Every structure is written in structure tokens, then in C-alpha cells.
Amino acid sequence: MDTLALAFSEALRLIASADAELAQIVMLSLRVSLTAVALAALIGLPLGAAVAVAKFPGRKAVTVILNALMGMPPVIVGLLVYLLLSRAGPLGTLGLLFTPTAMVIAQTVLVAPIIAALARQAVEDAWREYAEQLKSLGAGPVQSAFTLLWDSRFSLLTAILAGFGRAAAEVGAVMIVGGNIEGVTRVMTTAIALETSKGNLPLALGLGIILIAIVLTLNAAAYLLKEVAQRRYG
């Protein structure tokens, strides 16, 4: 019990003193996860809206595939990206393996289906409500899709936050393609796993506290933003 209390106390001291190693890991984690979520949003939001609005053969199959990919195991994504970027892979000449860029690619592959599937559901609900109105105004599928994305923007924040939560908490894929190299590719989740196995509980606890605080803060901000928007715009 005393050991845990000492570890927790030391973790708080590391956070309060902005320990250099802890700060470097946190900043790299945020840079990788936020970049991946931004790229995934650029891919997932238009894709989800297109599937919701457009009529094409195989639309139901695409919907099922998007929903299924939301639960894709991270280690499988890590393995596929590893094979793609490895020396023998088609993109091996780029030398991206074991770099933050490789981690961004893996997280983008993981997060994009989540954002696309949740955006499809939100836009499809809005499409049922506004389809006749948009058609009467002469809006085509592309214009309708982007109009509904804008109209659903506050609901889509939830989709983006869900994607960030998946990216920030992910271990398997980034470990495979990043390698957990100190000062280069070590992020919060991989550092927590490593430091726990080494018995360095203060650093592991400190990173865990910061990770939880970041997720809670972002969710609280999104909730408040949605509440304010609903009061202002109805």
C-alpha cells in the first residue's frame, strides 16, 4: 500500500514539475494522435456522408463493411501497415517504418472507419428529415452531403472524439510500426506498457493520469459546445 502511495505521489510530482521525459512523450502522443484524427476526419466525414446520401449498387454492403471495420483489431492494422512499409513492401523505399509518420498512418487506418461509420449514421438521420427540402431546392448529392455535414457538425464532434479516444488509447498498431524507440516513437500508451513492465510505476502512473485527463477534458469541451449550440440554434 505504501509503495502504491509513494508511486502515486511521485507521479504527481513528475506532472507538477513538467518532467522533461514525460513532457516529450505527451507532446509526441498528441502530435501523432491529432494528426491521425485530422487525416481520418478528412477521409471519413465525406465518405460517411456520401454513403448516407448517394444511391449505388452495393451501398448496404459498404455500410456493413464500414461498421465491421470499426472493430478492426489494432494488431492486424499494425501488421498490414508494417508489411506495406517494410523494406520488402511496396512503400519500403520511403523509409517510413519506425517513424512517427508510420504511427500516424496506422492510427489513421484505425480511426477513419470509426468516423466514417458514425458520420454516415448522423448524416443519414438528417437526410431523412431534409431530403425533400434539399431536392426541392435543386441540391445534388454532393451539395446535399456537404450541407448535411455542416448541419450535423455538432453531432459529428462526437464521432471525431470517438476517433481521438481510439487513437490516443491504441497500443498494438503503434508498437508494431513505431517500435517504441525512446525519444523518437515512444508515446503514452507504449511508454505506460514499457515502464509498468520495468517497475517504473511513477512515470507509468503520471502518463496514465495525463491520458485520462486529456480524454475527459476533450469530452467535457465537446459536451459543453453541443449544449451551447443546441441552446443557440435549437
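Just so you know, these numbers use all the heavy atoms, side chains as well, and skip hydrogens, waters and symmetry mates. Position 1 is the first residue of the sequence, and the numbers go up from there. Keep in mind it's a predicted model, so treat the numbers as computed, not measured.
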Can you check whether Leu85 reaches Leu94 side chain to side chain, under 4.5 Å on heavy atoms?
no

Would you find a donor on one side and an acceptor on the other, under 3.5 Å apart, between the side chain of Ser86 and the backbone of Leu83?
yes

Nearest heavy-atom neighbours spanning Gly44 and Ala119:
O-CB, 4.4 Å

Hey, does Phe56 have a side-chain heavy atom less than 4.5 Å from the side chain of Val62?
yes

Going only through I, L, V, M, F, W and Y residues with side-chain contacts under 4.5 Å, is there a path from Leu84 to Leu80?
yes

Report yes or no: does Arg186 contribute a side-chain atom to a donor-acceptor pair with the main-chain N or O of Ile25 at less than 3.5 Å?
no

Main-chain N/O of Met188 paired to Ser29 side chain as donor or acceptor, under 3.5 Å:
yes

Begin from the C-alpha positions of Leu118 and Ile114 and carry the test side-chain contact (heavy atoms from CB on, under 4.5 Å) through to its verdict.
CA-CA 6 Å; Leu118 295 177; Ile114 295 173; 4.0 Å; yes

Counting distance only, does the side-chain N/O of Ser152 pair as donor-acceptor with the main-chain N or O of Leu149 below 3.5 Å?
no

Please name the residue in the list Leu69, Ile65, Thr63 that meets the side-chain contact (heavy atoms from CB on, under 4.5 Å) test with Asn67.
Thr63

Donor-acceptor pair, Ser9 side chain versus Ala5 backbone, under 3.5 Å?
no

Give a yes or no answer on whether the side chain of Thr196 reaches the backbone of Ala193 with a donor-acceptor pair at less than 3.5 Å.
no

Are Arg166 and Pro74 close enough that some pair of their side-chain heavy atoms sits under 4.5 Å apart?
yes

Do Thr189 and Leu211 touch side chain to side chain, with heavy atoms closer than 4.5 Å?
yes

side-chain contact (heavy atoms from CB on, under 4.5 Å) evaluation trace for Val53 with Leu148
CA-CA 9 Å; Val53 172; Leu148 294 173; 4.0 Å; yes

Residue pair Leu12 / Ile209, side-chain heavy-atom distance below 4.5 Å
yes

Go through the steps for Glu10 and Leu205 under the test side-chain contact (heavy atoms from CB on, under 4.5 Å), then give the verdict.
CA-CA 9 Å; Glu10 180 64 14; Leu205 277 172; over 6 Å; no

Look at Glu124 together with Arg128 and state whether they make a salt bridge at an N to O cut-off of under 4.0 Å.
yes

Arg153 side-chain N/O to Trp150 backbone N/O, donor-acceptor pair under 3.5 Å:
yes

Could you see if Ile76 belongs to whatever hydrophobic cluster contains Val177? Use Ile, Leu, Val, Met, Phe, Trp, Tyr and a side-chain cutoff under 4.5 Å.
yes

On a heavy-atom basis, which atom in Ile105 and which in Leu96 lie closest, and how many Å separate them?
CD1-CD1, 4.2 Å

Closest heavy-atom pair, Ala40 versus Val111, reported as atoms and distance to 0.1 Å, is CB-CG1, 3.6 Å

Quick one: closest heavy-atom pair of Val75 and Ile176, and the distance?
O-CD1, 3.7 Å

Answer whether the closest heavy-atom distance between the side chains of Phe98 and Val184 falls below 4.5 Å.
no

Look at the side-chain heavy atoms of Ile, Leu, Val, Met, Phe, Trp and Tyr, link any pair under 4.5 Å apart, and say whether Ile115 and Phe154 land in one connected group.
no

Can you check whether Met103 reaches Glu170 side chain to side chain, under 4.5 Å on heavy atoms?
no

Going hydrophobic residue to hydrophobic residue with side-chain gaps under 4.5 angstrom, can you get from Tyr82 over to Leu110?
yes

Test item: Ile214 and Ile210 side chains (from C-beta on) under 4.5 Å apart, heavy atoms
yes

Least distance between heavy atoms, Val37 atom then Ala167 atom:
CG2-CB, 4.2 Å

Same apolar cluster: Phe8 and Leu207, side chain cutoff 4.5 Å:
yes

